[in-house]
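Comments concern the structure below.
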Amino acid sequence: MAIFDTEIAIFLIPRVMSEELFKKITSHAKEYGFIFPSSEIYDGLSAVYDYGPQGTLLKNNIKDYWWKAMVQLHENIVGLDAAILMHPRVWKASGHVDAFHDPLIDNKDSKKRYRADQLVEDQIAKWEAKIDKEVKKARKRFGDAFDPRKFLEESPRIQKYRQLVEETRRRLNEALAANDLKSLKDLIDELEIADPVSGSRNWTDVKQFNLMFDTRLGAVSDASAKIYLRPETAQGIFVNFNNVLKTSRVKIPFGIAQIGKAFRNEIVARQFIFRMREFEQMEMQFFVRPGTEKEWFAYWKEERMRWHLSLGFDPSLYRFHDHEQLAHYADAATDIEFKFPFGFKELEGIHSRTDFDLRSHEEHSGKKLRYYDPETRESYIPYVIETSIGVDRMFLAVLSASYTEETLEDGSQRVVLKIPAVLAPVKVAVLPLLKKDGLPEIARDIFDELKWDFMAAYDEKDAIGRRYRRQDAIGTPYAVTVDHQTKEDGTVTVRDRDTMAQYRVRIEELKTDLQRKLHLKTWLGSPS
Ligand code: ATP
């Protein structure tokens with residue numbers, strides 16, 4: 001008997017405008033203990049955030065889901081946890097000292113600082129938005145007779161915008177590839193790009209800005225003691241290549257996976273936890289026989305997308321974006337982009353890194369970083385496919401796809417985070433219907449039993465409806481309610497967060513029921 005929720009039919013409030021939605025998500029994240037600004041009592045530190053009680057649980061679950069999918073379910077992938085501080089020559093060998101920079105430009109009037117390439121990208125996005133608007137207008141005008149493909153090809157206005165987009169993108173890519181800062185500045189001047197804040201076009205020249213944070217090692221303060229906070233976790237894997245090879249029984253192709261903090265002094269840090277100065281990465285370097293990198297690149301593209309889709313969000317929220325302009329180390333690269341409230345943006349990068357890193361570390365360290373292949377009887381530097389995903393971006397993706405506002409049948413509203421149950425901070429809430437008649441005692445016993453297997457919560461304060469809302473707001477997928485019938489027949493109700501449907505289960509079966517729903521296999525299926 002389902003008795004507690006009167007709201008059976010629900011009406012989804014149409015997804016609010018994205019900017020408004022984004023604001024709601026960020027304030028919800030703070031209000032319910034997911035994310036706080038760092039050092040908030042001192043007015044915060046730009047682009048640095050702390051994770052609160054719910055946020056820590058969700059973040060750990062995201063990391064666990066990735067780690068198990070990569071390390072536990074792949075016999076040939078092992079883990080590593082390298083230090084954040086590394087020998088400074090690592091960053092010379094990796095190319096970060098010389099090439100890890102972004103083009104910076106200042107506006108002389110507003111004193112605001114921008115990434116020059118992003119100003120041009122934003123201009124391109126404006127033209128693309130205009131194309132979209134033209135299409136929407138025409139669709140409205142022509143109704144059923146509207147042929148979008150024909151319209152895109154024939155409308156002179158669209159042709160003009162398309163040419164601008166293509167020509168500007170070509171010039172931007174050329175300037176970036178050639179490190180030609182003057183051409184980049186010329187492009188900004190010619191396009192008459194204005195400071196988005198002040199409208200001023202009074203720009204400085206474009207300079208390169210290295211994104212690595214540096215610090216000093218030990219008590220010496222001369223230049224030789226300068227070291228860096230790692231800007232990516234990958235290099236910790238490369239420099240440990242021999243150690244892992246010697247101590248684990250991996251055979252090519254094999255992977256080394258790592259989760260850890262990375263630091264980048266981003267010029268413009270915005271969009272909440274999307275672009276942070278201190279963040280966390282989940283990276284895996286997969287070492288393959290040279291010549292097989294294309295097929296492994298294709299394999300990891302598919303495998304990583306499968307991981308994302310296993311969470312059950314709408315597949316239309318994801319897309320691949322293959323790179324035309326490649327980083328200095330890559331011969332192929334793609335991003336898995338996610339539809340954040342501010343548009344499709346990179347969530348994960350998959351790169352075919354060739355043998356660049358191991359070869360370069362060989363040269364700089366003088367140590368051989370090779371694999372002896374017993375099948376081909378050759379010793380070679382393996383090629384590498386990298387998968388790299390930001391924990392914080394994944395966290396933001398989960399929050400934005402989960403945040404839902406609903407109007408219930410009785411006219412009341414609820415905010416519910418439809419977080420995939422396997423990632424939810426709290427898995428089950430145990431609630432006595434009333435704070436009397438022996439119900440709290442039974443509920444406490446159930447909670448004390450369940451907490452050994454699941455992150456559980458016990459709550460007896462306020463009316464049952466309000467307690468459900470509290471759990472909905474933090475995304476608890478299941479609520480177990482103890483009522484008078486429990487005393488008669490030993491059953492409780494289990495309420496599903498998303499459908500609000502309820503069913504009765506015997507107390508002894510509760511654990512198995514939840515275990516089945518939350519089991520990794522239920523989500524990830526059989527690994528390939
Ligand atoms: P972007 O182009 O957005 O700056 P990137 O291409 O420099 O990202 P990578 O170097 O490929 O990023 O890093 C791998 C992953 O690390 C990214 O896909 C992203 O999820 C995450 N990441 C990178 N920079 C940041 C950042 N400043 N804040 C949060 N996550 C980040």
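All values below were derived from every heavy atom in this structure, side-chain atoms included, with hydrogens, water molecules and symmetry-related copies excluded. Whatever order the structure lists ligands and atoms in, that order sets their numbers, starting from 1.
- Because its NZ or CZ atom is not both nearer than 6.0 Å to the ring centre of Tyr383 and within 45° of the ring axis, Arg353 does not count as a cation-pi partner of that residue.
- More than 12 heavy atoms of other residues, nucleotides or ligands lie within 6.0 Å of NZ in Lys63, so this atom counts as buried by the packing criterion.
- Among the atoms of Glu266, some N or O lies under 3.5 angstrom from an N or O of ligand 1.
- In the vicinity of Gly349, heavy-atom distances shorter than 4.0 Å reach the ligand 1 atoms 18 (O).
- Only side-chain heavy atoms of Gln281 come within less than 4.0 Å of ligand 1; its backbone N, CA, C and O stay farther off.
- Of the protein's non-hydrogen atoms, the one nearest atom 30 (N) of ligand 1 is Phe279 CD1, 3.5 Å.
- The protein heavy atom nearest to atom 4 (O) of ligand 1 is Arg275 NH1, 2.8 Å.
- Among protein heavy atoms, atom 18 (O) of ligand 1 sits closest to Glu346 OE2, 2.6 Å.
- Contacts between His351 and ligand 1, counted as non-hydrogen atom pairs separated by less than 4.0 Å, involve the side chain only.
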Full working for ring pair (Phe, Tyr, Trp, His ring centres under 6.0 Å) between Phe213 and Tyr228: CA-CA 6 Å; Phe213 281 100; Tyr228 301 96; over 10 Å; no
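- Nearest protein neighbour of atom 28 (N) of ligand 1, counting heavy atoms only, is Met276 N, 2.8 Å.
- By the criterion of a heavy-atom distance under 4.0 Å, neither the backbone nor the side chain of Asp335 is placed next to ligand 1.
- With respect to atom 14 (C) of ligand 1, the closest heavy atom belonging to the protein is Ser388 OG, 2.9 Å.
- For the pair Leu347 and ligand 1, the shortest N or O to N or O distance falls below 3.5 Å.
- Scanning the protein heavy atoms around atom 29 (C) of ligand 1, the nearest turns out to be Phe274 O, 3.2 Å.
- More than 12 heavy atoms of other residues, nucleotides or ligands lie within 6.0 Å of NZ in Lys517, so this atom counts as buried by the packing criterion.
- The side-chain tip of Arg277 does not point at the ring of Phe263 from less than 6.0 angstrom away and within 45° of straight on.
- Pairing each heavy atom of Thr233 with each of Gln258, the nearest pair is O-NE2, 3.1 Å.
- Between Asp322 and Lys301 there is a salt bridge, since at least one side-chain N of the basic residue sits less than 4.0 Å from a carboxylate O of the acidic one.
- In terms of protein heavy-atom proximity, atom 19 (C) of ligand 1 is nearest to Arg393 NH1, 3.5 Å.
- Under 4.0 angstrom from ligand 1, the non-hydrogen atoms of Glu348 all belong to its backbone.
- Of the options Lys345, Gln118, Arg264, the smallest heavy-atom separation from atom 7 (O) of ligand 1 is shown by Arg264.
- Judged by the 6.0 Å and 45° rule, Arg304 forms no cation-pi pair with Trp300.
- For the pair Lys339 and Tyr318, the NZ or CZ position fails the cation-pi test of under 6.0 Å to the six-membered ring centre and within 45 degrees of the ring normal.
- Figure legend: Lys59 and Phe395 shown without cation-pi pairing, the cationic atom not lying both under 6.0 angstrom from the six-membered ring centre and within 45 degrees of its axis.
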